[in-house]
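We name chains A, B, ... by the order of the sequence lines, and we start the count at 1 in each one.
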2 protein chains.
Amino acid sequence: MTARTPDSARDIPEATVARLPVYLRALTGLAEGGTTTCSSEELAASAGVNSAKLRKDLSYLGSYGTRGVGYDVEYLRYQIAREIGVTHDWPVVIVGIGNLGHALANYSGFRSRGFRVVALLDADPSRHDEVVAGLDVRSFEDLESIVAENDVSIGVIATPAVAAQAVADRMVAAGITSILNFAPSVLSVPDGVDVRKVDLSIELQILAYHEQRKSVAPAGEVSAT
Amino acid sequence: MTARTPDSARDIPEATVARLPVYLRALTGLAEGGTTTCSSEELAASAGVNSAKLRKDLSYLGSYGTRGVGYDVEYLRYQIAREIGVTHDWPVVIVGIGNLGHALANYSGFRSRGFRVVALLDADPSRHDEVVAGLDVRSFEDLESIVAENDVSIGVIATPAVAAQAVADRMVAAGITSILNFAPSVLSVPDGVDVRKVDLSIELQILAYHEQRKSVAPAGEVSAT
DNA sequence: AGGAGTTTGTGAACGGGAGAACAAAACGGG
DNA sequence: CCCGTTTTGTTCTCCCGTTCACAAACTCCT
């Protein structure tokens with residue numbers, strides 16, 4: 001939390017960081033469509049954001065556009081990728097090869113965006129003979145050696161909730177400093193370790209809340225009582 | 001975006017709404033552990049937030065605590081559940097039964113939190129004989145009848161990116177008003193339809209950004225060049 | 001019954017992000 | 001070479017969310 005930005009110190013706002021991958025994806029889409037140059041307006045439309053917000057976000061990285069012209073798609077794409085750090089591959093381990101672990105291991109979006117799954121681990125020995133996504137499921141005991149050998153700094157937790165904290169502790173001890181947690185539990189980790197949480201049912205509950213309100217007040221009109 | 005809150009108008013801030021499911025889960029955990037009463041401090045710790053924030057969040061729902069004592073776990077749990085709207089079941093359809101669709105269909109967290117998967121749909125006919133999570137995969141053509149018969153208002157999209165917009169359009173036309181989108185694409189929907197997006201690779205990219213910065217400035221010290 | 005000790009609920013200050021509006025800069029045409 | 005047009009980069013303002021701090025209210029002990 002204490003963002004030490006010693007001297008070079010271009011600190012990009014967290015909200016902007018969260019949108020950069022969206023811009024990256026939009027730019028990739030434009031490039032595949034044959035577009036070589038785009039305005040902030042076009043790119044913003046592709047990314048589903050306001051053009052003013054887009055320009056402000058990009059301004060934190062530097063001045064990569066040309067006034068009166070727009071942005072060079074390929075050039076900007078590279079600059080954002082470099083800033084995020086996805087110009088090189090990030091080795092990743094996935095722990096917990098249940099339904100969700102399967103899906104994650106097979107998810108092509110990781111590979112194509114600079115993440116390389118180097119190992120799949122599960123505590124259940126009966127799973128250790130399985131081969132998922134071209135990798136054989138290994139024992140959770142191998143975590144330390146795998147992390148050390150492959151210089152892994154990112155771990156994904158897809159275990160049941162009860163196991164998540166223990167897995168996280170072990171990951172941290174092994175040297176992992178970024179964790180993506182799919183288990184529905186709150187992890188406590190030491191300073192310097194980043195945790196991001198994805199909770200499928202929470203998203204649905206948020207939708208349910210709004211849905212419930214819709215049915216109470218259908219279209220801005222309320223039946224006077 | 002134009003939040004019409006005509007007269008009754010307890011409008012709960014969006015940030016608070018997003019945390020209510022977390023509190024709900026924390027309360028369920030406490031209840032299972034045998035706790036009947038808890039302070040805001042305890043509950044905040046379980047939910048991983050600040051106690052002041054927790055109290056302010058809860059104050060939007062009403063005064064359900066007792067000063068000097070704390071909150072009755074079961075009572076507060078019910079009040080939050082009622083506010084979110086998960087006291088009754090929400091029927092849900094899932095479209096796209098690939099790896100992720102499989103995982104979602106089997107995810108027990110939906111069932112246990114008031115969401116009932118009523119149908120699994122896929123455009124690929126070769127999948128229509130499969131049975132996943134006790135439901136047989138049906139044709140996407142059946143969407144309208146299923147939505148109408150089961151009064152479905154929430155849809156989940158787990159298709160490839162290219163198909164997502166078409167699926168969303170069809171969902172909206174069928175009467176669905178809340179969409180949870182796992183496909184990596186920006187959906188455009190009419191006003192009155194809520195969309196929430198979950199993007200697995202974006203989360204990893206955000207972690208990668210912070211990870212990259214860590215390695216540049218390991219511990220507040222920077223090597224002078 | 002009264003006072004000390006807790007804990008909630010909320011008013012107020014603070015910080016950060018979103019959006020509008022504008023100045024700076026590049027291009028193109030005459 | 002100069003001026004109008006286009007589009008970026010930035011400044012300013014507003015609003016939402018977070019946090020602090022404290023008064024109100026409840027319990028327990030004497």
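- Taking the six-membered ring where the residue is Trp, the centroids of A:Tyr71 and A:Tyr64 are separated by 6.0 Å or more.
- If you check the side chains of B:Thr16 and B:Asp57, you find a donor sitting under 3.5 Å from an acceptor.
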Identify each atom pair where a protein N or O and an N or O of nucleotides 14-17 of chain C are less than 3.5 Å apart, giving names and distance.
none

Problem set entry | Footprint string (nucleotides 20-30 of chain D, 5' to 3'): B base within contact, S backbone only, - free, heavy atoms under 4.0 Å | -B-BBBBS---

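- Closest non-hydrogen pair, A:Val186 versus B:Ala47, comes out as CG2-O, 3.6 Å.
- As rounded to whole Å, 16 Å separates atom P of C:dA26 from atom CG of A:Asp72.
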For this session: Could you walk me through whether A:Leu76 and A:Tyr23 pass the side-chain contact (heavy atoms from CB on, under 4.5 Å) test, one step at a time?
Result: CA-CA 10 Å; A:Leu76 182 59; A:Tyr23 302 153; over 6 Å; no

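- For B:Asp194 and A:Lys214, the salt-bridge test passes: some basic side-chain N is under 4.0 Å from an acidic carboxylate O.
- We find that CG of A:Leu76 is positioned 11 Å from P of D:dT8, with the value rounded to whole Å.
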Exercise. Could you go step by step and tell me if A:Asp199 and A:Ser201 meet the side-chain contact (heavy atoms from CB on, under 4.5 Å) rule?
Worked result: CA-CA 6 Å; A:Asp199 192 313; A:Ser201 78; 3.3 Å; yes

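- In this structure, B:Arg116 fails the cation-pi test against B:Phe110, since its NZ or CZ atom is not both closer than 6.0 Å to the six-membered ring centre and inside 45 degrees of the ring normal.
- Here D:dC16 presents its P atom at 16 Å from CD1 of B:Ile12, a figure rounded to the nearest Å.
- One atom, CG of B:Leu58, and another, P of C:dT10, lie 11 Å apart when rounded to the nearest Å.
- One can place OH of B:Tyr64 at 14 Å from C1' of C:dG9, the figure rounded to the nearest angstrom.
- Atom CG of B:Leu54 is separated from atom C1' of C:dT8 by 11 Å (rounded to the nearest Å).
- B:Ile84 and B:Pro21 get closest at one heavy-atom pair: CD1-N, 3.8 Å.
- Protein atom CD of B:Glu42 is 8 Å distant from nucleotide atom P of C:dT7, rounded to whole Å.
- Residue A:Tyr71 places at least one side-chain N or O under 4.0 Å from the OP1 or OP2 atom of D:dG9.
- Look at A:Lys197 and B:Glu203 and you find no salt bridge, because none of the NZ, NE, NH1 or NH2 atoms lies under 4.0 Å from a carboxylate O.
- Close to D:dT8, at under 4.0 Å from its OP1 or OP2, lies a side-chain N or O of A:Ser40.
- Here C:dG9 presents its P atom at 14 Å from CD of B:Glu41, a figure rounded to the nearest Å.
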